[in-house]
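Accompanying notes for the structure given below.
Below, chain A is the first sequence line, B the second, and so on; all start at residue 1. All figures in this text were calculated on a predicted structure; none of them were measured in a lab.
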Amino acid sequence: MTSTSAVCKTRGASGAHGAHTGVSSDEGAPVRVTLTVDGTPHSLEVRPFERLLDVLRERLGCVSVKEGCGEGECGACTVLMDGVPVLSCVLFAWQADGSRVTTVQGLGSPRDRALQRAFVEAGAVQCGFCTPGLVLAAKALLDRNPAPTEDEIRHALAGNLCRCTGYESIVKAVANAARGRTRGAQP
Amino acid sequence: MTTTRERSDWLGHSPERLDAARKVAGRTRYTDDIVLSNMLHAALVTSPHPHTLVHEVDVRGAQSAPGVRAVYTAADVPGENQVGCVRPDQPLFVVERARFLGDRLAIVLADTAERARRAARRVEVSHAPLAVVTCPIRALEPGAPLIHAGGNLLEHKRVIRGDTDAGFALAAATVDETYHIDYQEHAYLEPNAVIAVPEADGSMTVMGSLQCPFYVQGAVARVLGLPHARVRVIQCDTGGAFGGKEDYPSEPAACAAMAAWLVGQPVKLVFDRHEDIVRSTKRHRMVIRERLGANQAGQLVAAHIEIWVDAGGYEGLSRVVAERSNVSALGPYGCPNVRIDTRIVYTNNLFGGAFRGFGTPQTTFATESAMERLAAALELPSPELKRRNLLGVGDLTVSGQRIEESAPSTVCMDLALARSNFAARRAEMAAHNRKGGPTRLGIGLANQMYGCCLHAGGQHMEGSAANLHVRADGSVQLGIGGTELGQGAFTVVAMLVARELGVPLAKVHVMLTDTALVADSGPTVASRTTIMSGNAALDAARTVKARMIEVAAAELGAAHAAIRLADNVVRAGGDTMPLPALTALCHRRKVDMSATGYYAPPPKRWDPATGQGEAYSVYCFGTQVAEVEVDLFSGATRVLRVTAVHDVGRVLNRAALVGQVEGGVLQGIGWALMEHLKVEDGVPKNANFTDYPIPTILDAPKVDTYFVEEPYGAGPAGAKGIGEPSLIPAAAAVLAAVRDATGLPVTDLPMTPERLLLNLSK
C-alpha cells in the first residue's frame, strides 16, 4: 500500500491561476502597478506572482482575454503591451507596470474596425475563443507592416492556435484588411 | 430591389454569421467569463494511479487549507453516485477502485480557483496500486488483470454478410495488413467549464461549455436524485467541442451540481489544459486488421476486418462508436461477403469517446490503406480499384442497406481526380523522386462514406424540436435543440427560417440552447444538426406561416396560394404590404404566432446480432486528395495542397461549409502527422500544448474545396451534414501521399517525423 498526494506528481497542479510558478498568488508583499488598459489608467496593488491574465480578467473586467492553455502555447490570452503582442498568461502583472495594454475590447479606430469586419466577412470566426487573440496579433502586424506578404501574415500569427477554421480564412481576412487599408482608409 | 438588410433568402450564399460581430469584438460570454455573486470555485481530486484500490480519501488537510469552504466525496452524493453516457457504469466519485487517471476522488470548494487547486493537493489518498492493462489485445488474453468483474471484453460486435470463405476462394489477389491507430485529443481552445446554481425554488440550473444539454440534464438529475423537471441546463457560448463535449461534460457538471446543491451556493468548475486532456475523452485508439480479396476484374469479393477498440476504463460511448466503425469499416465500397469482428475492450488508458468522425476516421485510414495494397497486388492504379467498388444508388452497404438516393460517390472521386490533376501530378512527383535529393513528393487519395444522423441503435433519441415565436414587430425568436459549437448551426437554421417566413435574416434571433426552451432533441452530434434542427425549425415556421397567410389573404383579398412572403414584404399579385405590418395585424387579431416544430426520420430496422439493417437515414460521400513533401533527413512531412470534394446534398451556407471543410482537413492532417498523445502505463506523458502540438497557421496547406449537390429528399432544402465528413478522409489521404512519396507501408497513425525516420532506417 502506498500513500500519495493525489495530484502532486502531475503537471495538473501547475496550470491555471498563478499556481504555474509553484508559488501562490496569495504570497509575497503587494506591489503597486500603474498601467493603462484600453485607454483607462489604473493603479492597483498586485501580488508578485499574480498573472497579468488574472488581473485583466478578474480585477479589470477584461474577459475577452481568454485562457486556453496557461503556459504560453495557444495565444488565446494575447494582449498588446505598448503595441506588441504578449501572452498575458505567462507574464506577471507587475511586468506590465507603466505600460499601455490593449485588449480586443479596446479596439475602436476605423482601421481596427475594418480589421474586425474583415474577420467577419472572410468567415474567419467559428467558435470565437481564439478570435480576440488573433485579431490583436493581426492588428500588431498591420500597425507595423501595413502591406504584409502572405508569408509575413502566417509568421505573425503562428503563435495563435485555432482549432476550428484551418486558418485559411484567417489569412484571407488579414490580407483583405491590409488591402482595404492600403487602398481605402489611408489613401 | 431588395437590400441586403431586408433579404430573406440566402440559400447557397455566404451571409455573415449571426454571432461573428460579437465574437470579433470580444463580447462573447463563455462560461468562465460569467461571475455570480456568492460563487465558489471548485477543483477535483483525481486518482493518483490509473488502476488502484482506494482505501481511504483523507480530506482533513484540504478542509483546513486557506479559503476552503467544503470538501465532498462519494459519501456525500445525494442521489446515485453513478454517471455514464449510455450506461451509468462509472462512479461520479470513486468508492473502491479507480480505473483510469481521470477517476474522481473528491471535490474541493474554495473562494478562489487557485486555492481550491492548492487544497486539492492536500487530500491524502491511501491506495493499493493494481497491475495496469494497456493493450486491448493482451487485455483479452487469459490471466490479464481484470478491470471489471465481468471481464475486459465490453462487447464483441459483428457484421456477418454473405460467406467470406467462399468469397476469398474467388479472389485473384488478397491483402492482409494490420494498422495501429493512436489517440487524438480534441484540443478545443476552451477547456471544460461549468457553473451550477442551486435555485431558491428547489431546482438546479447548470450553465456550461457543452455539446449536449439534454445529456447533462439526465446526469445531474441522477446524481442529485431530482426529477428532470427540476434540472435546467443552459449552453453557454462554447469554445469548440468536436465531439469532446458530447459525453464528458456531464461528469464535471454533475460534480459541480452536487457541490452547489450541498453547499447552497453557485459553484464554478473550470479545468486547466492539463486537467482537461487527462480527464476528458479522446478519439479511440484502435488496432485494425484488414483482409481483403478481389477478383481479376478488380471487384471486392471478400472482406474480413477485425477491430480492437481501446475503450479505457468505462463504457462511455465506446459501443456506439464501434457501431459506426462497423458500418463504415469498408468505407464507401461494396462487397458481397463481409465479416467484421469488433472487440471493445476495457483498459486503464485514457477514456475513449466521441470525436468528429466517431470511429470512422480510423476505419477509413485502414480500409483506404488496404485498398492501395490490394491495387498494387492486382497491378491496377489504386483510384481505378476504388472506383470499381464505390457504392452508388441501388447498391448495398456492408450492413445490407440499399442506398436509396443522393449517393454521388463516383462524381466526388472523379471531380477530385480532375481538380487535383492527380495523374499528371503523380507522374511529375515520380520524376522528382527519381532525381534523388533530400525530399520526396507524393500524392494520395481517400474516399469516405458517413451515415448522417444517429445510428438505428440510437434512433429513439433522434426526434428533435424547435420553438419559434414570430413577434409583433416581424422579428423571430427561435429555440432549437441543437447547439452552436462554432460550426455555424445557428446561422444555418436561421437562414432556413428566414427564407420560409420571408423575414430578413438579421431579424431571426436564435437563443442559446436551453433545456427549458425546447423538448429533448438528443445530442448535437453525427453531423445531424442541419437536418434535425433545420427540419424542426422549418416545421414550426410552416405552422406559423400558415396562420400569417390566412390573415394576409383576408387583408389583401387574395387566394391563399397567391400569397408570397419574401424580403420582409407580403405579396399577392400586384398588392403588397410590409411583413411587419402583417405580423402586427396578426398580433392585434390574437393569432397564435408561436409554434413548436418537430422532426424525426422514419423508423429503421436493425439486427444487432448480424449487424444488418438500415443503419442510417442517409449517407454522405466525399473524396480528398493530398500532396505532401517528405524531408528524408528530418522525417518531417509537409502537406502542400489538399483538394476536398464533398457531397452535401445542397449547399445552404457556402462560407460555413468551406469553413467546416478547411477546419476538418487540418484536424485530420494534425492527427496524421503530428498529434501523438504518448500514454505509458495509463499515464499521458504530454498532456499539454507544448508537447502535444496541434497544427499552427504555418502547417495549414491550401485547401481547394468543391461541393457536389444531389439533394437529399428529407433534408432541409435538400441538405445533408458536413461536420464530420470533412475530417474523415484527410488523414488517410495524407498518409497515402506519404506512402506514395516514400514507398513505406505506413501502417501506423500518426506518422510523426520520429516514426518516419525509424521506418526509413529499417
Open item on the list: How long is the straight-line distance from CG of B/Leu105 back to NE2 of B/His127, given to the nearest 0.5 Å?
Closed with: 9.0 Å
TODO: Please work out which of the three classes, parallel, tilted or perpendicular, describes the rings of B/Phe355 and B/His186, given edges at 30° and 60°.
DONE: parallel
Task: Atom group of B/Leu189 that falls short of 4.5 Å from chain A, counting heavy atoms - done: both
TODO: Kindly indicate, with the supporting measurements, whether the criterion salt bridge (Lys or Arg N to Asp or Glu O under 4.0 Å) is fulfilled by B/Arg29 and B/Asp33.
DONE: CA-CA 6 Å; B/Arg29 206 164 49 154; B/Asp33 303 339; over 6 Å; no
Open item on the list: Between B/Thr46 and B/Asp103, is there a side-chain heavy-atom distance shorter than 4.5 Å?
Closed with: no
Task: Part of B/Pro695 within contact of chain A (heavy atom distance under 4.5 Å) - done: both
Open item on the list: Using side-chain heavy atoms (C-beta onward) and a distance below 4.5 Å, is B/Arg279 in contact with B/Asn192?
Closed with: no
Task: Greatest number of heavy atom pairs closer than 4.5 Å to chain B - which of A/Ser64, A/Gly128, A/Gly159 - done: A/Gly128
TODO: Side chain from CB out, backbone as N, CA, C, O: work out which of these in B/Ile697 comes under 4.5 Å of a heavy atom of chain A, or both, or neither.
DONE: both
TODO: Could you tell me which portion of B/Pro693 (side chain, backbone, both or neither) has an atom closer than 4.5 angstrom to a non-hydrogen atom of chain A?
DONE: neither
Task: Most contacts with chain B, counted as non-hydrogen pairs under 4.5 angstrom, among A/Glu168, A/Gln105, A/Glu121 - done: A/Glu168
- [ ] Report the distance from atom OG1 of B/Thr112 to atom CZ of B/Arg117, rounding to the nearest 0.5 Å.
- [x] 9.5 Å
- [ ] Please round to the nearest 0.5 Å and tell me the distance separating atom CD of B/Gln211 and atom CD of B/Gln235.
- [x] 9.0 Å
Open item on the list: Please identify, among A/Thr165, A/Leu134, A/Val135, A/Thr131, the residue contributing the most non-hydrogen atom pairs under 4.5 Å to chain B.
Closed with: A/Thr165
Open item on the list: For B/Gln660, which atoms come within 4.5 Å of any heavy atom of chain A: side chain, backbone, both, or neither?
Closed with: both
Task: Proximity breakdown for A/Arg57 and chain B, heavy-atom pairs closer than 4.5 Å - done: side chain
Open item on the list: Any salt bridge linking A/Lys172 with B/Glu662? Criterion: basic side-chain nitrogen under 4.0 Å from a carboxylate oxygen.
Closed with: no
TODO: Name the member of B/Arg22, B/Glu484, B/Arg115, B/His49 that forms the most heavy-atom pairs with chain A at distances under 4.5 Å.
DONE: B/Arg115
Task: Region of A/Arg117 in contact with chain B, defined by heavy-atom distances below 4.5 Å - done: side chain
Open item on the list: For the interface with chain A, which of B/Pro15, B/Ser14, B/Ala20 has the highest count of heavy-atom pairs at distances below 4.5 Å?
Closed with: B/Ala20
Task: When A/Val104, A/Val125, A/Asp151, A/Leu161 are compared by non-hydrogen pairs under 4.5 Å with chain B, the top option - done: A/Leu161
Task: Point-to-point distance, once rounded to the nearest 0.5 Å, from OG1 of B/Thr73 to CZ of B/Arg104 - done: 13.5 Å
Open item on the list: Is B/Ala700 close to chain A through its backbone or its side chain, or both, or neither, when contacts mean heavy atoms under 4.5 Å?
Closed with: both
